[in-house]
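Keep in mind that what you see is a predicted model, and the values were worked out from it rather than measured. Every chain is numbered from 1 and lettered A, B, ... according to where its sequence line falls, protein lines coming before strand lines. Side chains are part of it too, since the values below use all heavy atoms of this structure and drop only hydrogens, waters and symmetry mates.
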Protein chains: 2
Amino acid sequence: MNTLSYILLCMLVRKPCTGYELKQYLALFWEAHHSQIYTSLAKLLKEGYVSVENDEKHTQKKIYHLTKKGENIVNNWIQEETKEPSQKDEFLAKIYVASILDKDTVKGLLFERKQHQLKLLKQNQEKQTQIDQLTDPKEKQKNFGRFLVIQRKIRICEEELRWCQWAEEQVDQLFLAK
Amino acid sequence: MNTLSYILLCMLVRKPCTGYELKQYLALFWEAHHSQIYTSLAKLLKEGYVSVENDEKHTQKKIYHLTKKGENIVNNWIQEETKEPSQKDEFLAKIYVASILDKDTVKGLLFERKQHQLKLLKQNQEKQTQIDQLTDPKEKQKNFGRFLVIQRKIRICEEELRWCQWAEEQVDQLFLAK
DNA sequence: TACTGCATGTAAGTCGTTACATGATTTG
DNA sequence: CAAATCATGTAACGACTTACATGCAGTA
């Protein structure tokens with residue numbers, strides 16, 4: 001059992017999913033290519049942590065369900081120590097060397113980042129709207145954790161956008177002084 | 001040349017560093033174990049992108065400098081397309097399944113996260129103070145990119161702390177309703 | 001009917017983690 | 001003078017990326 005396997009099992013607590021869906025849900029706080037997800041799901045199935053149901057209409061679809069054994073192992077994992085988050089951000093490495101770049105390059109980098117963050121923000125706001133529209137209290141409760149995580153993402157996107165704005169102003173000031 | 005190699009070269013733009021220092025500077029936006037850093041530096045040296053100077057007092061220390069060739073390749077890399085940031089955060093996977101956890105577990109997770117973020121915030125505020133204390137304009141200019149990146153980290157830490165606070169309130173409300 | 005998105009899978013090669021290994025320097 | 005931190009390195013193993021490969025479903 002590696003970390004990705006536990007993450008996949010966590011995703012299945014809320015509802016049964018296909019591998020394809022898992023990849024998308026995961027994106028809120030994890031990264032994995034489909035090749036990795038499908039091989040991990042195959043292992044989890046072999047070891048009995050998940051079960052598969054074949055969709056009748058879409059015969060190619062495999063809907064994975066969490067088994068009792070799977071839920072137990074998730075519960076144990078949650079009690080274990082939580083590893084610190086890891087991040088890799090090329091953009092910040094480029095910003096780090098701003099002093100050897102020209103104004104247009106730095107501004108271009110910041111512009112692209114802003115576009116990316118705006119896109120992310122919009123996507124997450126849509127996800128939130130979907131949760132807000134749930135009327136069934138049971139469904140709403142099942143989505144509580146997801147709701148918290150999406151809210152966090154939205155807040156951080158907004159803060160990053162404010163930082164981009166501020167950074168642009170700093171760049172302007174620096175090149176004015178030169 | 002992989003991404004880590006470019007990141008290392010970027011770090012050396014500001015000032016010559018040892019592998020040990022690089023690991024610490026990197027932490028602002030990248031993660032790498034020392035084993036990876038030392039082997040990458042050895043490759044960069046062999047290919048002439050960096051040069052080594054041995055510290056006279058501390059003979060075990062190897063201070064890496066960026067060569068002209070290294071600076072050129074960094075400049076080319078910066079013009080290339082920037083890969084999107086990647087993140088891996090176990091904590092959020094655990095929060096995601098909040099609905100099957102008890103109140104104390106969720107609150108405990110949030111508490112630990114808060115402690116971690118407070119530590120990070122403090123560390124970065126110290127880094128900022130160091131930059132603020134620079135008086136030489138040239139030194140200050142060289143640290144411009146670093147300044148931007150540290151500011152971003154501080155802002156995001158603060159936002160995450162606000163989110164933790166908010167999330168605790170949400171948890172209280174949920175368990176009140178139950 | 002062509003194109004985009006949905007959906008799954010395998011294999012080779014690269015990257016990253018963990019463990020092993022050593023030794024100097026600083027601080028209480 | 002013991003412990004923590006600084007400082008560097010190698011090797012084995014596991015995780016991740018990239019490329020190859022296939023086919024269905026919806027829509028313009």
Sub-3.5 Å donor-acceptor pair from the side chain of [X] to the main-chain atoms of [Y], do we have one?
X	Y	answer
A:Glu21	A:Thr18	yes
A:Thr67	A:Ser51	no
B:Asn2	B:Ser5	yes

Can you tell if the side chain of A:Tyr96 reaches within under 4.5 Å of the side chain of B:Phe29, non-hydrogen atoms only?
yes
If I take atom [atom1] in residue [X] and atom [atom2] in nucleotide [N], what distance separates them, rounded to the nearest angstrom?
X	N	atom1	atom2	answer
A:Tyr20	C:dC6	OH	P	4 Å
A:Ile37	D:dA15	CD1	P	15 Å
B:Glu90	D:dA15	CD	P	13 Å
A:Ile63	C:dA7	CD1	P	9 Å
B:Leu44	D:dG9	CG	P	13 Å
A:Gln60	D:dG26	CD	C1'	12 Å
B:Leu41	D:dG9	CG	P	8 Å

Looking at DNA chain D, which of residues 7-19 of chain B put a heavy atom within less than 4.0 Å of it?
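Residues of residues 7-19 of chain B that come under 4.0 Å of DNA chain D are, in numerical order, B:Thr18, B:Gly19.
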Sequence neighbours excluded, every pair satisfying side-chain hydrogen bond (donor to acceptor under 3.5 Å, both in side chains) that has a member inside residues 82-94 of chain A:
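Counting only pairs at least two positions apart or across chains, the side-chain hydrogen bond (donor to acceptor under 3.5 Å, both in side chains) contacts touching residues 82-94 of chain A are A:Thr3-A:Lys83, A:Thr82-B:Lys94, A:Glu84-B:His116, A:Asp89-A:Arg113, A:Lys94-B:Thr82.
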Residue pair B:Glu21/B:Ala42 against DNA chain D: nearer the 5' end by closest nucleotide is B:Glu21
Test the B:Arg155-A:Trp166 pair against the cation-pi criterion, namely NZ or CZ under 6.0 angstrom from the six-membered ring centroid and within 45° of the ring axis.
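Because its charged atom sits under 6.0 Å from the ring centre and within 45° of the axis, B:Arg155 does stack over A:Trp166.
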Is it possible for you to check whether A:Arg14 lies under 6.0 Å from the centre of the six-membered ring of A:Tyr25, through NZ or CZ, and within 45° of that ring's axis?
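That pair qualifies as a cation-pi contact.
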Would you mind writing out the side-chain donor-acceptor pairs for residues 68-76 of chain A within the sub-3.5 Å range, not counting sequence neighbours?
residue, atom, partner, partner atom, Å
A:Lys69, NZ, A:Glu47, O, 2.7
A:Asn72, ND2, A:Lys68, O, 3.4
A:Asn75, ND2, A:Glu71, O, 3.2

Could you give the angle between the helix axes at the two ends of the helix from C:dT1-D:dA28 to C:dG28-D:dC1, with five pairs per end, rounded to 10 degrees?
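Axis-to-axis angle, ends of the helix: 50°.
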Answer yes or no: is there an ion pair linking B:Glu53 with B:Lys62, defined by an N-O contact shorter than 4.0 Å?
no
Within residues 29-43 of chain B or reaching into it, pairs that qualify as salt bridge (charged side-chain N to carboxylate O under 4.0 Å, His left out) - sequence neighbours excluded
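Qualifying pairs: none.
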Ignoring hydrogens and geometry beyond distance, is a side-chain donor-acceptor pair present between B:Asp132 and B:Thr129 at under 3.5 Å?
no
Among C:dG9, D:dT8, D:dA7, the nucleotide that comes nearest once only the side chain of A:Tyr38 is considered:
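It is C:dG9.
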Letter per nucleotide, 5' to 3', of nucleotides 13-21 of chain C [B base touched, S only sugar-phosphate touched, - untouched; heavy atoms, 4.0 Å]:
--SSBB---
